[in-house]
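The chains referred to below are lettered A, B, ... by the order of the sequence lines, with proteins before strands, and numbering in each begins at 1.
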Amino acid sequence: MSTTAAQRFLRDAAEKSADLVHRDLIRRGMESYDAAHLAGRARIKDWEAARQKCQEIKREAINHLDRYLLQFEEKVIARGGHVFWAADSEEACTYVKNLATRLGVRTVVKSKSMVTEEIHLSPALEKVGIKVWETDFGEYIVQLRDEPPYHIVTPAMHLNRGQIAKLFREKVDPKIDSDDPAYLMGAARRKLRQAFFAAEMGISGANFLVADAGVIAISTNEGNGRLCTSVPRIHVVVTGIEKVIPRLEDLAVLWPVLATSGTGQGITTYSTLIGGPRQPGEVDGPEEFHVVLVDNGRSQLLADPEQREVLHCIRCGACLNICPVFRHVGGHTYGTTYPGPIGSVLTPHLAGIKEFKHLSYASSLCGACTSVCPVKIDLHHHLLQNRRNATEAGATKSSERLMFRAWRSIMLHPRMYALGGWSMRNALRIIYGLGLAGSILDPMRVWNRHRSPVPLPSESFRARWRKGLGAN
Amino acid sequence: MEQKVSLFVPCFVDQLLPEVAVDTVKVLRRIGYAVDFPEDQTCCGQPAFNTGYWNEARPCAEHFVQAFKHADVIVCPSGSCATMVRTFYPALLTTSSLREDAIAVASRTFELSEFLVKVAAVTQVGASFPHSVTYHASCHGLRELHLRDEPLQLLREVDGLKLIEMARSEECCGFGGTFAAKFADISAAMGNSKAESVAATGAEFVTAIDPSCLLHLQGILGKRHAAARTIHLASILARDGAAQERP
């Protein structure tokens, strides 16, 4: 029997959460993020008002997605660009693959894009013999390791510089003899420069699609995004339909809020707007400009008024960074393109509730994610709704269903409840008295695996109340 | 006339941690309230609700509303169970015939520290607890009921108490209800991280407004043979100079 996603998650979570070296590495990374994030928020005069504004912008965009996407498309086409509407991963990959084949593309350079991870674009291109280079430093590292990004903003945060130096020695240049970050970046840069000038096609994502201006907006820090989108003769943008925003002026708040939530920066190093291929009289820019608008389950989420706001997400990563579950199990354990709270909310919608419902349960519902979300998605309450949807779809275990039915019957009868409580306490006393705590006979054995047994008082509160405590 | 509060005692407090409720009664009486305990109450329905079994949680919520609908004010020594009633009942019972009562009951339900500071307007409850204490900010109290400072205001007024702040005091302890069973390893890892934060303070006690966090932490600390012990806020506030040292 093949292992399910839920079984893999449990296994990897057990391993990672016991790995204190991993925990401390992630905690150090997250704590430096925490400090930068706090300082960044303090730079914005009224952070709560900024969140509110971002929420309103995204809500307007999502509620009128049809109109804004068509407006965006019209402007792009008017400037000589192409727009392709992809219903799912396969359509999106096929479009890019056919385009590349038709135009004789042999090398592709990519800037960071989670949607291309979601649709598995690189393997699709490699299958037809196209060489794909990830050019974001973190993405380049995880590509060399042949693993998916660990985090949606900082893909290689699980590695220290020693590990990266060793990887580079094996995969980039055997002469690498230092783990100095600037030195390692220099080595990657020399390699990637060759790729930038060899590539016929550059693929990017988009942080926002601006409807009224018909441009894509990209926030980057390394400069690789600008090389990918301007040097090769073809530029392909692959992005989700939910990225559209109504107006250019909306970027005045969205850009700094995204940067602050993502890395604590006031604004990212490069903020780029691109609206089409090279225009007559222009000296540079790509000859061809294509935008692939990926649906891949998003329309279905749009149809659900209760959970539609999940599409507000701007992929800043703040909910991953603050999440205590993420901090203990790490990004790869989730086994999904989008890890952390937003991934646990979104993945059951995009990839199936039966296979991924466990992620909605893999949360203590602490709500830390919701408290930092810059577009105010009620993340932990959406986890609750996902759980309800899972039980209503009959996707939970029948033993659990029966248990909660029995539990309900007991809780509706105070005497049965009191008797049940008394019986349970006394049964546990006997079991523990016999030294059988943690054994197969112990109904609390899962609890007792990591904890000392619960206290078992001889009397409940209600018994004490009746015996005289109740007299005011 | 003496004002009356009705006590909402979470089921696991009733069965496993009765002294938390006993101490809640003591504190409320000491500041001049008459206390009533509606004996029909059982569980608020949170375990089923949080696990997705809203159809099973709903009749329990209705049962709770029936038990408390005549109460003037409802006080609960748990931020999480108070959240279930206050935050989730109106939505859970939106199509119930008891919807109006549910909304009314929700609006009259308070977590203990919230009731003391915001409703009774008391921070000095005449408690004495000459020990070092660190405070864990339980998630539901903090992020659903927005109680950040209320428990600390009460602790600062306790005679002899030395409050020591722990690192990451607002990070979840890892209990999470059925999460602790379904994802026992993650829950325990989070609990152990919290236990490390507690230990680093050197405090004798870790306190919180949520007995569920404390039940979990008590087990984690016990397994680690840690020096620090758990104590609910109500039990600190119930100590007066006259009372004997209990824990």
Within the structure provided, determine whether B:His216 and A:Trp447 are in side-chain contact (heavy-atom separation under 4.5 Å).
yes
Taking the side chain as C-beta and beyond, is there a heavy-atom pair between B:Glu144 and A:His381 under 4.5 Å?
yes
Side chains of A:Tyr417 and B:Gln15 in contact at under 4.5 Å (non-hydrogen atoms):
yes
I'd like to know if the side chain of B:Arg143 and the backbone of A:Cys366 have a donor-acceptor N/O pair within less than 3.5 Å.
yes
Roughly how far, to the nearest 0.5 Å, is NE2 of B:His140 from CG of A:Leu365?
5.5 Å
Using non-hydrogen atoms only, which part of B:Cys173 is less than 4.5 Å away from chain A: side chain, backbone, both, or neither?
neither
Residue B:Val9 versus chain A: region with a heavy atom under 4.5 Å:
side chain
Are side-chain heavy atoms of A:Phe461 and B:Val20 found at a separation under 4.5 Å?
no
Reported CZ-to-CD1 distance for the pair A:Arg327 and B:Ile186, which is rounded to 0.5 angstrom
15.5 Å
Side-chain donor-acceptor pair under 3.5 Å between A:Arg23 and B:Ser193, yes or no?
yes
Tell me whether A:Arg462 contacts the main-chain N or O of B:Gln41 through its side chain, where contact means a donor paired with an acceptor under 3.5 Å.
yes
Determine whether A:Trp465 and B:Glu39 make a side-chain contact, defined as any pair of heavy atoms from C-beta on separated by less than 4.5 Å.
yes
Answer whether the closest heavy-atom distance between the side chains of B:Cys43 and A:Trp407 falls below 4.5 Å.
yes
Need one label for B:Leu142: side chain, backbone, both or neither, based on atoms under 4.5 Å from any heavy atom in chain A.
neither
Once you round to the nearest 0.5 Å, how far does CZ of A:Arg401 lie from OG1 of B:Thr51?
13.5 Å
If we only count heavy atoms from C-beta on, is the B:His63 to A:Met411 side-chain gap below 4.5 Å?
no
Sort B:Phe88 into side chain, backbone, both or neither according to what part of it lies under 4.5 angstrom from a heavy atom of chain A.
side chain
Are side-chain heavy atoms of B:Lys182 and A:Val446 found at a separation under 4.5 Å?
no
